[in-house]
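Heads up: the structure comes next, in structure tokens.
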Amino acid sequence: MDSQFKKIVLENSDTIVRMWVEEVNALKDANYTSSISEELFDSTNREFVNVIFTRIKNVEPAETLEDFAEKLINLGWPLSYITDGLQVFRRVTVDFILSQSEKVDSNHISLVLQSVDKWVEPLIRQLVNEYSGNWENVVSLQRLALQELSAPLIPVMENITIMPLIGTIDTERAKFIMENLLEGVIRHNSEVVLMDITGVPVVDTMVAHHIIQAAEAVRLIGAKCILVGIRPEIAQTIVNLGIDLSQFPTKSSLRKGFTTALEITNRKIVDLDTKVDNLENMINSLHRE
Amino acid sequence: MRIPILKLYNYLLISIQTEIDDQTAIQFQEDLLDKIHKSGTSGVVIDLTSVEIIDSFIAKVLGDVVTMSDLMGAKVVLTGIQPAVAMTLVDLGIHLTGVATALDLEQGLIKLHQELGE
């Protein structure tokens, strides 16, 4: 029975394709693909139909389908184009086969539905898999990128390291920050670590807890942690929530924190030459001439 | 097993190289206090660089040793605590407040030197 239907479909492929294209074109205007040019839409439709028919003929290896899916993904076509297209194909084919059959009873209809489903289902499954696989890939790459960005450590001077934090801190990230911070302190042999929270939008009890824990751990391995970049609203939240940050020094800006860090490591910044000196030197040298 | 306690000028130097069990820890506490008493030292450095695991009991003993030595007039600095160890301690809620720490043995000695003003 199945091969008989197949024969009907393959022999009348032109009619089916025409019906299918009409239906898909009707979908186009109401839908996602309205911004795509006619030519591209037509050529993609043709390719799509080819893929479907080669699949029904069972001659082609699976690569054509994968290539097609990859092309659509790269072009950024929505998944709904594929699912809608295949639904339409199923409907059109079933209609067509039924219109060609002489005797139509419920048994026959169910047979037709079954065999058409058998052609279309694997296609849908494989295409959806291609799409979701691609998305998962993108998400995991992004997560990786985010993780790389989440806890950077900058050794600005000998014994002084800065960790600028940007964005919300959750438990997972806090753990990552702590690990990175401690490893970095050991690796750079730093005496003072400045933790800059200018870019952290919200400091609630949980975030504060994580920061305090990190600072404690830094103290245990033998370095000092200074919390810098505390904005007025953050200061208010911290006090209102009753969080005790008195165990370690805090500063409003990175600059102040850095000065403190220099003091702790017994250093200071000295201007090499003031402008006044320069001017005096110039005048003196002029006098001599 | 006993942990060796070395004398370096007027400091005591302890490098813990093995995993310490409870018995060794207690033994070490007694040995160290004894040694402080005998030598009249004013500074102690305990180096934990090769220690991978510190449980709550060992942490308590270490904290106690520091307080006890302080009572006997010897300042203690813990050095070389590994990141993993520090994280475990903080997770366990052990903060060892009031205990001086340093990155490595060298900086520990410098710290002692500064604090004791010698």
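Fair warning: this is a prediction, and the values are worked out from it, not measured in the lab. Lettering of chains follows the sequences in order, A, B, ..., and the numbering in each one begins at 1.
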If you measure only the distance, is there a donor-acceptor pair under 3.5 Å linking the side chains of N159(A) and S190(A)?
no
Counting heavy-atom pairs under 4.5 angstrom with chain B, the leader among Q247(A), R219(A), M178(A) is R219(A)
query = Any ion pair linking K175(A) and E179(A) (charged N to carboxylate O, less than 4.0 Å)?
reply = yes
Review point. Would you say the side chains of D31(B) and Q27(B) form a donor-acceptor pair under 3.5 Å?
Key: yes
Cut-off 4.5 Å, heavy atoms of chain B, and the answer for V185(A) is both
Whatever's closer than 4.5 Å to a heavy atom in chain A on D91(B) counts as both
Between the CD atom in Q82(B) and the CG atom in L89(B), the distance rounded to the nearest 0.5 Å is 12.0 Å
